[in-house]
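Heads up: the structure comes next, in structure tokens.
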Amino acid sequence: MTDYIILAIVGAIIGAVVWYLCRARRRGKCVGCPDAATCAARKGGRGCDCGCDGK
């Protein structure tokens, strides 16, 4: 029983991370970029230069 509870908690954490990354990606944010909050705005909405291309 304990194994199932731990598995459910780990699954919920992984699901939350995937959900957050997908949501951020749809908004055009590059999660791995150090300038993630501002780089697209500074570049006129073109995305950042960190290689993720903001898509």
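Both Ile5 and Ile13 are assigned to one and the same hydrophobic cluster, defined by single-linkage of ILVMFWY side chains at heavy-atom distances under 4.5 Å.
With sequence neighbours left out, the side-chain contact (heavy atoms from CB on, under 4.5 Å) criterion links Ile6 to Thr2, Val10. Residues passing the side-chain contact (heavy atoms from CB on, under 4.5 Å) test with Leu7, sequence neighbours excluded: none.
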